[in-house]
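Scroll down for the structure; my scribbles are underneath it.
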Amino acid sequence: MSVLDRVNSPKDLKKLNDKELEELCADIRELLINTVSKTGGHLASNLGVVELTVAMHKVFNSPVDQIVFDVGHQCYTHKILTGRKDKFSTLRTEGGISGFTRPVESEHDIFSSGHSSTSISAAVGLARAKQIKGEKGKVVAVIGDGALTGGLAYEALNNSGNDNSNLIVVLNDNNMSISKNVGSMAKNLTTIRTSKRYVTFKSKFQHQLSRIPKVGTEINRFFTYINTKIRKMVYKSTFFEDLGFRYYGPIDGHDIDALVDVFNAAKAHNHSVLIHVNTVKGKGYYPAEKNPTQFHGIGKFDINTGEPTSSGKNFSACFGETMCKFAQKDARICCVTAAMAEGTGLCKFAEQYPKRFFDVGIAEQHAVTFSSGLAKNGLIPVFAVYSTFLQRSYDQLIHDVAMQNLKVIFAIDRAGFVGEDGESHQGVFDTSFLNSVVGLTVFAPSTFDELEAMFYQAIYKIDGAVAVRYPRGCQCDIPVEYEYNHENYTVIGDTNKKKCIVSYGREFCECAKALNELDDTFLIKLNKIKPIDESVVEYLRNCETVYFYEESVKSGSVGEIFASLLIENDINVHFKHIAIDDEFVKQASVCRQLEHYNLDMNSIIKEVNNG
């Protein structure tokens with residue numbers, strides 16, 4: 001029996017000796033690699049936090065001590081240790097466990113976290129609530145994997161301060177140090193400060209001093225002042241200390257003994273603490289260590305080679321090629337990303353045009369306002385961002401771009417269903433909130449050729465801000481007879497028929513396949529979904545029923561705008577809107593998600609035939 005076989009909860013972990021803890025980490029790494037090779041997921045970041053997570057559960061008593069992960073995709077080891085080991089093979093599959101922390105899964109998942117830089121804010125709130133209610137336990141925020149490049153994290157640090165005696169922040173530094181290398185003296189000082197003997201002596205010493213009549217308190221303050229000065233002199237970085245934290249670090253994030261010591265010291269502290277931990281992303285699996293970016297979020301892969309088992313051109317790659325082509329002829333074009341160069345297909349652009357490529361870190365709000373500055377001074381910025389992350393910069397989109405009528409292009413990747421990443425990552429909200437942005441134009445390509453053509457229109461044919469939204473993955477099959485007409489919409493079939501299907505983007509492909517099996521039906525494809533060209537509704541005056549299909553939440557969607565145009569133009573038809581009701585989309589394959597929401601070909605045929 002392996003050590004992992006004996007660990008079914010954090011309580012089992014506390015019984016293990018040092019050697020068994022090391023064996024446990026090896027077992028967990030093997031499980032991580034085997035599982036993610038089959039399900040896909042976030043591998044490199046999770047391999048890097050195995051010892052860190054084991055040490056936390058060795059010292060802290062979850063869920064009384066509350067652990068909040070940021071980003072939640074670093075939580076795989078945490079899930080394995082908190083009762084979900086036997087379900088781990090279902091990771092990111094329909095009905096299985098999520099790739100992110102989810103409180104509905106376990107009492108040990110304190111806070112849902114699919115987007116970054118949120119852990120400290122949540123932890124500060126949790127810690128304050130514990131203090132007010134007089135509850136026991138520490139609150140531990142595990143931040144890192146780039147999340148400290150997000151402004152929200154600094155807002156939280158600024159608000160956490162001296163009065164959070166039950167707050168511990170663990171900075172998982174898996175790329176480069178936040179401050180300069182502080183050298184051996186700092187490491188030796190950290191070793192001394194985290195030893196049980198030092199912590200016990202310091203506590204007793206301060207207690208005895210405080211008992212000295214009249215002068216005890218002042219002497220204690222003096223020693224605290226001297227202690228702080230020495231720390232600042234040795235560490236050379238006062239940032240976290242100035243914010244009110246006791247700083248420990250850097251700690252080797254793969255040394256369980258050192259981690260256990262520092263966590264015990266932090267747990268005994270009656271003050272907010274920040275622990276700076278250095279880890280290696282992809283630790284223990286050579287392909288992931290060699291190329292952690294590729295293994296950050298990866299699909300199924302061959303364990304022996306590290307090579308993905310699926311390939312083929314996708315919309316992200318097509319976008320990257322398109323930008324390189326346009327930038328070669330136009331020196332005004334530049335690209336902006338928020339720590340997603342590879343995910344959005346911009347690696348080649350970054351290599352070819354380094355002076356016109358800007359990775360601003362996980363800072364979507366800054367990315368949009370930064371782009372508006374570029375546009376104000378005559379450049380043509382293209383901000384490439386996943387639909388789910390564009391949500392974070394809604395105010396900047398309105399206030400800093402649209403209100404100032406600046407030409408910023410938004411390349412919205414992962415629009416619509418994204419599959420196994422689950423509720424936090426589905427790109428089903430952008431059409432609704434983009435509909436409220438004054439002056440914004442939005443295109444929705446269904447093919448690679450359309451994507452290139454629509455970006456050309458966005459850059460050279462339209463004034464003001466433009467968004468081009470496209471799905472995750474490869475191009476779907478389209479009718480042989482279909483050809484993009486560069487117009488705002490395309491009509492397919494005989495408009496004298498009594499039924500019409502209207503759609504856009506990837507969903508058009510499902511509708512087009514269904515059309516071949518339907519009688520008395522024609523199809524309208526919207527190419528520009530904001531603003532909708534009102535002339536399109538004139539084709540529907542003789543219709544009896546209009547079916548509008550889209551991968552979007554219904555509220556505020558393109559379908560709702562389309563329905564209002566029918567009413568405003570006195571077109572009396574039976575209108576059926578098939579989209580996502582008031583709910584979050586759970587993890588499953590895209591095919592299964594389409595089926596669940598009646599957006600697949602078979603569901604369309606059934607609906608139209610029965611209508």
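- Inspection of the D413 and S316 side chains reveals an N or O donor paired with an N or O acceptor under 3.5 Å.
- Contact annotation: the side chain of K525 never approaches that of S503 to less than 4.5 Å [non-hydrogen atoms, C-beta and beyond].
- Here F349 and Y353 bring their ring centres to under 6.0 angstrom of each other.
- A donor atom on one side chain and an acceptor atom on the other are not found under 3.5 Å apart for T53 and H78.
- Taking each heavy atom of L152 and R392 in turn, the nearest pair found is CD2-NH2, 4.4 Å.
- Between I398 and F433 there is no side-chain heavy-atom pair separated by less than 4.5 Å.
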**Prompt:** Is there a ring pair (Phe, Tyr, Trp, His ring centres under 6.0 Å) between H425 and Y386 once you walk through the steps?
**Reply:** CA-CA 9 Å; H425 280 58; Y386 290 5; 7.6 Å; no
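- Judged purely by distance below 3.5 Å, without hydrogens or angles, the side chains of S436 and Y394 pair a donor atom with an acceptor atom.
- Minimum interatomic distance between A402 and V437 (heavy atoms only, all atoms of both residues): CB-CG1, 3.6 Å.
- In summary, the aromatic rings of Y460 and Y456 are positioned with their centroids under 6.0 Å apart.
- For the pair E450/N527, a side-chain contact is recorded, criterion being any heavy-atom separation below 4.5 Å from C-beta on.
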**Prompt:** Stepwise, does the side-chain contact (heavy atoms from CB on, under 4.5 Å) test hold for V382 with C334?
**Reply:** CA-CA 6 Å; V382 180; C334 51; over 6 Å; no
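- Here Y597 and F417 bring their ring centres to under 6.0 angstrom of each other.
- Residues L32 and I80 are in side-chain contact: their nearest non-hydrogen atoms beyond the backbone lie under 4.5 Å apart.
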**Request:** Give the C-alpha distance, both sets of side-chain angles, the deciding distance and a yes or no for ring pair (Phe, Tyr, Trp, His ring centres under 6.0 Å) between F455 and F319.
**Result:** CA-CA 9 Å; F455 270 108; F319 162 72; 5.3 Å; yes
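- With hydrogens and angles disregarded, no donor-acceptor distance shorter than 3.5 Å links the side chain of S160 to the backbone of V124.
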**Request:** Begin with the C-alpha distance, continue with both residues' side-chain angles, and end with the deciding distance and a verdict on side-chain contact (heavy atoms from CB on, under 4.5 Å) for L434 and L397.
**Result:** CA-CA 9 Å; L434 291 177; L397 207 164; 3.8 Å; yes
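- Counting only heavy atoms from C-beta outward, the side chains of I532 and I561 approach each other to under 4.5 Å.
- Between I143 atom CD1 and S116 atom OG the span is 7.5 Å, to the nearest 0.5 Å.
- K79 places no side-chain N or O within donor-acceptor distance of the main-chain N or O of K87, the cut-off being under 3.5 Å.
- A distance below 6.0 Å separates the ring centres of F370 and F358.
- Of all heavy-atom pairs between P381 and L374, the closest is CB-CD1, 4.0 Å.
- Look at E551 and R506 and you find a salt bridge, because one of the NZ, NE, NH1 or NH2 atoms lies within 4.0 Å of a carboxylate O, short of that distance.
- Of the possible polar contacts, none joining the T369 side chain to the H366 backbone as a donor-acceptor pair under 3.5 Å is found.
- We find the CE-OG1 distance between M454 and T447 to be 7.5 Å, quoted to the nearest 0.5 Å.
- The backbone N or O of I67 sits nowhere less than 3.5 Å from a side-chain atom of K138 that would complete a donor-acceptor pair.
- Under 3.5 Å, the side chains of D359 and T337 contain no donor-acceptor pair of N or O atoms.
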**Asked** Between K313 and E321, does a salt bridge (Lys or Arg N to Asp or Glu O under 4.0 Å) hold up when you go through it step by step?
**Response** CA-CA 11 Å; K313 188 174 181 179; E321 292 172 4; 3.2 Å; yes
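- The closest donor-acceptor contact from the side chain of Y154 to the backbone of L148 lies under 3.5 Å.
- Without hydrogens or angle criteria, Q426 side chain to Q587 main chain gives no donor-acceptor distance under 3.5 Å.
- Not one N or O on the side chain of Q66 forms a donor-acceptor pair closer than 3.5 Å with the backbone of I110.
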**Asked** Could you walk me through whether V590 and Q593 pass the side-chain contact (heavy atoms from CB on, under 4.5 Å) check?
**Response** CA-CA 5 Å; V590 171; Q593 288 168 341; 4.3 Å; yes
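- Listed here is the closest heavy atom pair of H577 and G559: NE2-CA, 3.6 Å.
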**Message:** I'd like to know whether R84 forms a salt bridge (Lys or Arg N to Asp or Glu O under 4.0 Å) with D109, so could you lay out the CA-CA distance, the side-chain angles of the two residues, the decisive distance to 0.1 Å, and finally the verdict.
**Reply:** CA-CA 11 Å; R84 285 163 282 181; D109 286 7; 2.8 Å; yes
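- When all heavy atoms of S371 and V336 are compared, the closest pair comes out as OG-CG2, 3.6 Å.
- The pair K528-D533 fails the salt-bridge criterion, with no side-chain N (NZ, NE, NH1 or NH2) lying under 4.0 Å from an Asp/Glu carboxylate O.
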**Request:** Go through E595 and R592 one step at a time and tell me if the salt bridge (Lys or Arg N to Asp or Glu O under 4.0 Å) criterion holds.
**Result:** CA-CA 5 Å; E595 291 173 9; R592 288 288 296 128; 2.8 Å; yes
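- V468 places none of its side-chain heavy atoms less than 4.5 Å from the side chain of I412.
- Residues F100 and F69 place their aromatic rings such that the two centres sit no closer than 6.0 Å.
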**Verdict with supporting geometry, F240 and F245, ring pair (Phe, Tyr, Trp, His ring centres under 6.0 Å)** = CA-CA 6 Å; F240 298 116; F245 287 88; 7.0 Å; no
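- The residues R472 and D421 are annotated as salt-bridged, a charged nitrogen and a carboxylate oxygen being separated by less than 4.0 angstrom.
- The side chain to side chain donor-acceptor pair (under 3.5 Å) test with N172 singles out one residue from T279, N278, D70, and that residue is T279.
- Distance check, rounded to the nearest 0.5 Å: OG of S272 to CD1 of I168 gives 10.0 Å.
- Separation of the F295 and F301 ring centroids falls under the 6.0 Å cut-off.
- Of the possible donor and acceptor atoms, one in the side chain of S446 sits under 3.5 Å from a partner among the backbone N and O of G505.
- Taking both residues in full, the closest heavy atoms of L91 and G99 are given as CD1-CA, 3.9 Å, listed atom of the first, atom of the second, then distance.
- For the residue pair E550/T431, the side-chain donor-acceptor check at 3.5 Å is not satisfied.
- We find the SG-CD distance between C324 and Q352 to be 4.0 Å, quoted to the nearest 0.5 Å.
- Panel note: side chain R356, backbone A327; a donor-acceptor pair is recorded below 3.5 Å.
- A side-chain donor-acceptor contact under 3.5 Å links H276 and D173.
- Salt bridge status for K407 with D463: absent, with no side-chain N to carboxylate O gap under 4.0 Å.
- Of the inter-residue distances, the one linking M323 atom CE with I409 atom CD1 reads 8.5 Å to the nearest 0.5 angstrom.
- Atoms CG and NE2, on N46 and H73 in that order, are 7.0 Å from each other to the nearest 0.5 Å.
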**Request:** Test L157 against I120 for side-chain contact (heavy atoms from CB on, under 4.5 Å), laying out the working first.
**Result:** CA-CA 7 Å; L157 285 170; I120 303 177; 3.8 Å; yes
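- In terms of modelled atom types and a separation under 3.5 Å, the side chain of R102 and the main chain of S112 share no donor-acceptor contact.
- In this model, a donor atom of one side chain and an acceptor atom of the other lie less than 3.5 Å apart for T388 and H115.
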